[in-house]
Enquirer: 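Got a structure for you, written out below as structure tokens; questions coming shortly.
When a residue number appears, it is its place in the shown sequence, counting from 1. Atom set for the values below is all heavy atoms of this structure, side chains included, hydrogens, waters and symmetry mates excluded.
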Amino acid sequence: MYRLFDSSGNSFPAYCDFKSEPGFAWTLVMSWANKNRAWSAFQSTPFKVNAPVNENSLIWNMYRLSLTRMRSLQAHSTHWRATCSYPTHGIDFTDYIRGNFKDFNIVDFIGSGQCKKVEFANIRGHSGLQLTVRFWQGAKSQLLHTDSSSSGCNFNARSGSVSSEDNFGYYHTINPKFRCTAGDLSTTQWWFGAHL
């Protein structure tokens, strides 16, 4: 754990990762267990709505920073990523997605099935570099997520998907073959980061 400072100069505890991807520093902004997927902060509340959960103590099963802290981190970040079961698997680029804020501002995005550019995506072993992925995030209804059963953008992970499969958030429909939703204790993480 490290202590970071928000835009008002107040310090707060944060989990920072300096080793999983050489050349990057990452700060955890959200993490939850599959068994807690129905909590509004992890299912129906978009990034740009304030919905902190245990923000002063890292609990991998239920953790979300306040919007103020997210915005403060975003101001110093170039990139974002989502990981699955990071405490167990670390970063092996399986069930993983990374993009940059210049191409896709995930905090302020509200939209339905829009193709957005990412640097890397992997869902159930389907991978791609520098391509577009279909994203959803509802103003009052959905946390940011992809649907790997949906077609229409460059990335294609339909093989092995279930109908309306949600990936990296929302989780109205889950697939046990996706690492974030493999079991009740599987976890999803969202991070903001930058090049060192």
Enquirer: Strictly under 6.0 Å, is that where the ring centroids of Phe101 and Phe192 end up?
Expert: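 Yes, close enough.
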Enquirer: Would you name the heavy atoms of Ala82 and Phe168 that are closest together and state the gap between them?
Expert: CB-CD2, 3.7 Å
Enquirer: Ignoring hydrogens and geometry beyond distance, is a side-chain donor-acceptor pair present between Thr78 and Asn100 at under 3.5 Å?
Expert: no
Enquirer: Is it true that Ile123 and Ile174 fall in one hydrophobic cluster, defined by side-chain heavy atoms closer than 4.5 Å?
Expert: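 Yes, it is one cluster - the side chains of Ile123 and Ile174 are joined through contacts under 4.5 Å.
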Enquirer: Would you please name every residue forming a ring pair (Phe, Tyr, Trp, His ring centres under 6.0 Å) with Trp60, sequence neighbours left out?
Expert: Tyr15, Tyr86
Enquirer: With heavy-atom distances below 4.5 Å as the criterion, would you say the side chains of Ile97 and Trp80 are in contact?
Expert: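 A side-chain contact under 4.5 Å exists here.
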Enquirer: Do Lys48 and Ile110 touch side chain to side chain, with heavy atoms closer than 4.5 Å?
Expert: yes
Enquirer: Quick one: which of Arg81, His79, His195 gives a side-chain hydrogen bond (donor to acceptor under 3.5 Å, both in side chains) with Glu21?
Expert: Arg81
Enquirer: Give a yes or no on whether a salt bridge exists between Glu165 and Arg124, defined as a side-chain N under 4.0 angstrom from a carboxylate O.
Expert: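 Answer for the salt bridge query: yes.
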Enquirer: Within the side chain of Asp166, is there an N or O that forms a donor-acceptor pair under 3.5 Å with the backbone of Thr173?
Expert: yes
Enquirer: Could you walk me through whether Thr181 and Asn34 satisfy the side-chain hydrogen bond (donor to acceptor under 3.5 Å, both in side chains) test, starting with their C-alpha distance in whole Å, then the side-chain angles of each, then the deciding distance to 0.1 Å, before giving a yes or no?
Expert: CA-CA 6 Å; Thr181 54; Asn34 189 35; 5.4 Å; no
Enquirer: Mark yes or no for whether Asn54, through its side chain, and Met62, through its backbone, hold a donor-acceptor pair below 3.5 Å.
Expert: yes
Enquirer: Donor-acceptor pair, Arg37 side chain versus Gln43 backbone, under 3.5 Å?
Expert: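 Between the backbone of Gln43 and the side chain of Arg37 there is no qualifying donor-acceptor contact (under 3.5 Å).
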Enquirer: Please tell me whether Leu185 and Trp32 are part of a single hydrophobic cluster in this structure, the criterion being side-chain heavy atoms less than 4.5 Å apart.
Expert: no
Enquirer: Could you tell me which non-hydrogen atom of Gln137 sits nearest to which non-hydrogen atom of Ile106, and how far apart they are?
Expert: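 Minimum heavy-atom contact is NE2-O, 3.0 Å.
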Enquirer: Show the nearest heavy-atom pair for residues Ser77 and Ala194, with the distance to one decimal.
Expert: CA-CB, 4.3 Å
Enquirer: Would Phe178 end up clustered with Val162 when hydrophobic side chains under 4.5 Å apart are linked, directly or stepwise?
Expert: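 Each belongs to a different hydrophobic cluster.
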Enquirer: Give me the atom names and distance for the closest heavy-atom approach of Thr187 to Ala33.
Expert: CG2-CA, 3.9 Å
Enquirer: Heavy-atom count around Lys116 NZ within 6.0 Å, excluding the residue itself: above 12?
Expert: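 Yes, the 6.0 Å shell around NZ holds more than 12 heavy atoms from other groups.
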Enquirer: Any donor-acceptor pair under 3.5 Å linking the side chain of Asn167 with the backbone of Ser148?
Expert: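 Present.
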Enquirer: So, Asp108 and Arg71, do they make that salt bridge, N to O below 4.0 Å?
Expert: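 Salt bridge: yes.
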Enquirer: At their closest point, which heavy atom of Tyr170 faces which heavy atom of Leu143, and how far apart are they?
Expert: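 So the minimum-distance heavy-atom pair works out to CB-O, 4.0 Å.
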Enquirer: One pair to check against side chain to side chain contact (heavy atoms under 4.5 Å, CB included): Tyr171 and Thr188. What are the steps and the verdict?
Expert: CA-CA 10 Å; Tyr171 297 140; Thr188 302; 2.7 Å; yes
Enquirer: May I ask you to test the His172-Gln142 pair for a side-chain heavy-atom distance under 4.5 Å?
Expert: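 Of all side-chain heavy-atom pairs linking Gln142 with His172, none is under 4.5 Å.
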Enquirer: Same hydrophobic cluster for Phe93 and Trp190, using side-chain heavy-atom links shorter than 4.5 Å among ILVMFWY?
Expert: yes
Enquirer: Is there a side-chain contact between Arg158 and His126 in this structure, where contact means two heavy atoms from C-beta onward sitting under 4.5 Å apart?
Expert: no
Enquirer: Taking the six-membered ring for Trp, are Phe42 and Trp39 parallel (under 30°), tilted (30 to 60°) or perpendicular (over 60°)?
Expert: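 Answer is tilted, since the angle falls between 30° and 60°.
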Enquirer: Side-chain contact test, heavy atoms from C-beta onward, threshold under 4.5 Å: evaluate it for Pro87 versus Gln189 and give yes or no.
Expert: yes
Enquirer: Phe24 versus Ile91: any side-chain heavy-atom pair under 4.5 Å?
Expert: no
Enquirer: When you compare the side chain of Glu55 with that of Arg64, does any pair of heavy atoms fall below 4.5 Å?
Expert: no
Enquirer: Are the charged groups of Asp92 and Arg179 less than 4.0 angstrom apart, N to O?
Expert: yes
Enquirer: How far apart are the closest heavy atoms of Asn50 and Leu67, and which atoms are they?
Expert: OD1-N, 2.9 Å
Enquirer: Are the side chain of Thr132 and the backbone of Asn154 linked by a donor-acceptor contact shorter than 3.5 Å?
Expert: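 Indeed, once roles are kept as given, a pair shorter than 3.5 Å links the two residues.
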Enquirer: State, yes or no, whether a side-chain contact exists between Leu65 and Met30 at a heavy-atom distance under 4.5 Å.
Expert: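 Not touching, per the 4.5 Å side-chain cut-off.
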Enquirer: Going by the disulfide (SG to SG under 2.5 Å) test, which pairs reach into residues 123-194, not counting sequence neighbours?
Expert: Cys84-Cys180, Cys115-Cys153
Enquirer: For the residue pair Phe109 and Phe104, does the interplanar ring angle fall in the parallel (under 30°), tilted (30 to 60°) or perpendicular (over 60°) class?
Expert: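 Ring orientation, 0 to 90° scale: perpendicular.
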Enquirer: If hydrophobic clusters are built from ILVMFWY residues whose side chains come within less than 4.5 Å, do Val49 and Val29 share one?
Expert: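 Val49 does not cluster with Val29.
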Enquirer: What orientation do His145 and Trp136 show, parallel under 30°, tilted 30 to 60°, or perpendicular over 60°?
Expert: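 Aromatic pair His145/Trp136 classed parallel.
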